[in-house]
Amino acid sequence: MPGEPSIPSLPSPGTPRPSGPCVLLKHGEIFLKGRNRHLFTERLHNNLRSALRGIGGATWIKTGQDVTVLGGEVPMEDLVERARRVIGFNSVEPALRVPSTVADITKAAVDALAGARAERPGISFAVRVKRRDKSFEMTSSQFERFLGARVREALGDLPVNLSHPDVRLSVEIDHKESYVSWSRHQGPGGLPVGSSGRALVLLSGGYDSPVAAYRAMRRGLRCDFVHFTGAPYTNAASLYKAYALARELNRYQPGGQLHVIALGHAQKQLAIAGAGRLQVVAQRRLMVRTASALAGRTRAEALVTGDSLGQVASQTLANMAAVDEAATLPVLRPLVGWEKQEIIDEARSIGTAEISVLPDEDCCKLLAPPRVSLRAGLTGLRSVEKRLGLDDVVDGLLRDVQVMDPGEIGEEGQAGADSGLTHGHPGPAVCTTAPSATVSSCPEGTDGSSL
């Protein structure tokens, strides 16, 4: 990165060098865990290794107290970019790893600020010291003052700003080695993906469900995806969107699979069975009932949807309760209290908004009545489902499910958690094998009417 001190020669592959560039990864919520903290840390490191696959050189990981140190034979910016994907780290800090001596730490601090000043003349700075090794010859506050004085002696009257510095020089002193850092990137935080179990996300082509999936991942859920389409009555646009969204979301977890279920014939059967104003809620009940059965194949323990309370007519409290009654697993709604703009802003920050905004055909609008019931009654819904022969319908939907491995953005050649990664972020991906039927889906926030 700009201003970074020169990199010394590299040691043998995969081993930490005695000194040199590295990345400090500060742990998130797992620092609150007690006796089982090591299990969360192990999961976090496994996810980090997965994110580093195919990076193009040997890497090493070292565990400290509430911090992970990452290094290797690859450019620092590549390590930072991969580490920033890993849920469970609060911050990602490029740093220098040096012996825990006053002379070594001082030289690294002066060199780091000299490089930063060369990039941005006139910057202010502050020094923050964290002393894990209490036998170090100075206290934290004493060493802060000492380093500040040495920096000003070496670099002239570099302005000090203890409240809002342009550069915060952080020093962490351990028993044998110390870390000097001068920039900080925000990490995702949360719990390591997989530490809370598995979930199945009802993934549409809209903004909401991808953000809900990301939020579920931040609570430690490893996610697979199910996409319901309107095949054979609509085109394939939403399938390609769902595939691209799953591929983007897999940047934050070991690769989840995408299950594609053509719902078009069943939607038409519901309409013929006289669903009327209950059509949209009946469709959603059919989706969660089918997803609950599919979850047995994916070992999921919960379903995740992008519902936001009151956003559209089908997402009233009464209609959500009617949908939940059809599920055999908990239905999690991470966005239940979010406003639409909050969801869109989050979609932009995680990289799914550019895919969600692409056009597709919405089969729900095609079959939805002019007005959707705000309080769908269970008696009426069950009557429609009985005329439909629901068990046979669900069995037929599961029999024809397509399973895809989207991999993640940046992968080429192979897909899935075990494939290699390449640099760069190509545009929305398409299926490596074309689907056998044309498909579409029901984006969140569209049910044919509004509140």
Side-chain angles (χ1 to χ4, degrees), residues 1-11 15-26 60 62 64-81 83 91-186:
M1 62 176 291
E4 187 174 299
S6 59
I7 300 176
S9 59
L10 292 167
T15 60
R17 60 173 68 87
S19 62
C22 64
V23 183
L24 290 183
L25 308 175
K26 303 297 180 64
W60 51 263
K62 184 176 182 295
Q65 182 180 351
D66 298 329
V67 66
T68 294
V69 186
L70 172 64
E73 296 181 356
V74 295
M76 186 63 54
E77 56 268 23
D78 290 348
L79 291 176
V80 169
E81 192 273 334
S91 68
V92 178
E93 303 178 17
L96 280 176
R97 182 169 175 260
V98 298
S100 291
T101 68
V102 171
D104 286 304
I105 296 171
T106 301
K107 182 179 185 308
V110 171
D111 288 348
L113 282 171
R117 186 180 66 171
E119 292 290 326
R120 293 184 292 164
I123 60 170
S124 62
F125 81 102
V127 179
R128 296 288 182 263
V129 174
K130 184 173 184 178
R131 189 180 59 139
R132 292 193 178 94
D133 178 10
K134 302 305 181 184
S135 66
F136 190 74
E137 56 192 271
M138 285 184 255
T139 66
S140 296
S141 58
Q142 288 172 341
F143 199 37
E144 287 174 353
R145 291 192 294 270
F146 175 86
L147 284 177
R150 300 293 82 75
V151 166
R152 287 170 64 85
E153 286 177 5
L155 303 180
D157 291 332
L158 200 63
V160 175
N161 186 332
L162 298 180
S163 301
H164 300 94
D166 297 314
V167 176
R168 188 183 76 169
L169 186 74
S170 298
V171 178
E172 300 193 17
I173 303 172
D174 220 326
H175 291 276
K176 293 183 179 180
E177 56 197 24
S178 296
Y179 305 94
V180 179
S181 63
W182 56 94
S183 66
R184 180 179 184 273
H185 303 276
Q186 187 69 38

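Keep in mind the model is a prediction, meaning the values are calculated, not measured.
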### Message
Using 0.5 Å steps for rounding, measure from the CD atom of Glu137 to the CD1 atom of Ile173.
### Response
9.0 Å
### CG-CZ distance between Leu155 and Arg117, expressed to the nearest 0.5 angstrom
4.5 Å
### Query
Does the side chain of Pro21 reach to within under 4.5 Å of the side chain of Pro94, using non-hydrogen atoms?
no
### Query
Gly72 and Trp60: which non-hydrogen atoms are nearest, and at how many Å?
N-NE1, 3.6 Å
### Query
At what distance, to the nearest 0.5 angstrom, does CZ of Arg145 lie from CZ of Arg150?
12.0 Å
### Query
Would you say the side chain of Phe125 lies within less than 4.5 Å of the side chain of Val160, judging by non-hydrogen atoms?
yes
## Note on the structure
Here the gap from Ser170 atom OG to Glu144 atom CD, rounded to the nearest 0.5 Å, amounts to 9.5 Å
### 4.5 Å side-chain heavy-atom contact, Ile105 and Val180
yes
## Note on the structure
Exactly one candidate in Lys130, Arg131, Arg132 meets side chain to side chain donor-acceptor pair (under 3.5 Å) with Glu172; the answer is Arg132
### Query
Below 4.5 Å, heavy atoms only, C-beta onward: do Thr106 and Phe146 meet side chain to side chain?
yes
### Summary
dist Trp182:CH2 -> Leu96:CG (nearest 0.5 Å) comes out at 4.0 Å
### Task
Could you give me the CA-CA distance, side-chain angles and deciding distance for Leu25 and Val67, then say whether side-chain contact (heavy atoms from CB on, under 4.5 Å) is met?
CA-CA 6 Å; Leu25 308 175; Val67 66; 5.6 Å; no
### Query
Which residues pass the side chain to side chain contact (heavy atoms under 4.5 Å, CB included) test with Pro75, sequence neighbours left out?
Glu77, Asp78
### Query
How long is the span from the OG1 atom in Thr101 to the CZ atom in Phe136, to the nearest 0.5 Å?
7.5 Å
### Residue pair Val102 / Met138, side-chain heavy-atom distance below 4.5 Å
yes
### Query
Hey, is NZ on Lys176 packed in by over 12 heavy atoms from elsewhere, all under 6.0 Å?
no
#### Entry: Over 12 foreign heavy atoms within 6.0 Å of CZ, Arg152
yes
### Query
Going through the checks in order, is the side-chain contact (heavy atoms from CB on, under 4.5 Å) test met by Leu79 and Val74?
CA-CA 7 Å; Leu79 291 176; Val74 295; 3.4 Å; yes
### Message
Tell me if a side-chain donor or acceptor on Ser178 pairs with a main-chain N or O of Val98 at a distance below 3.5 Å.
### Response
no
### Closest non-hydrogen atom pair, Arg120 against Ile123
O-CG2, 2.8 Å
### Task
Would you name the heavy atoms of Glu93 and Ser181 that are closest together and state the gap between them?
OE1-OG, 3.1 Å
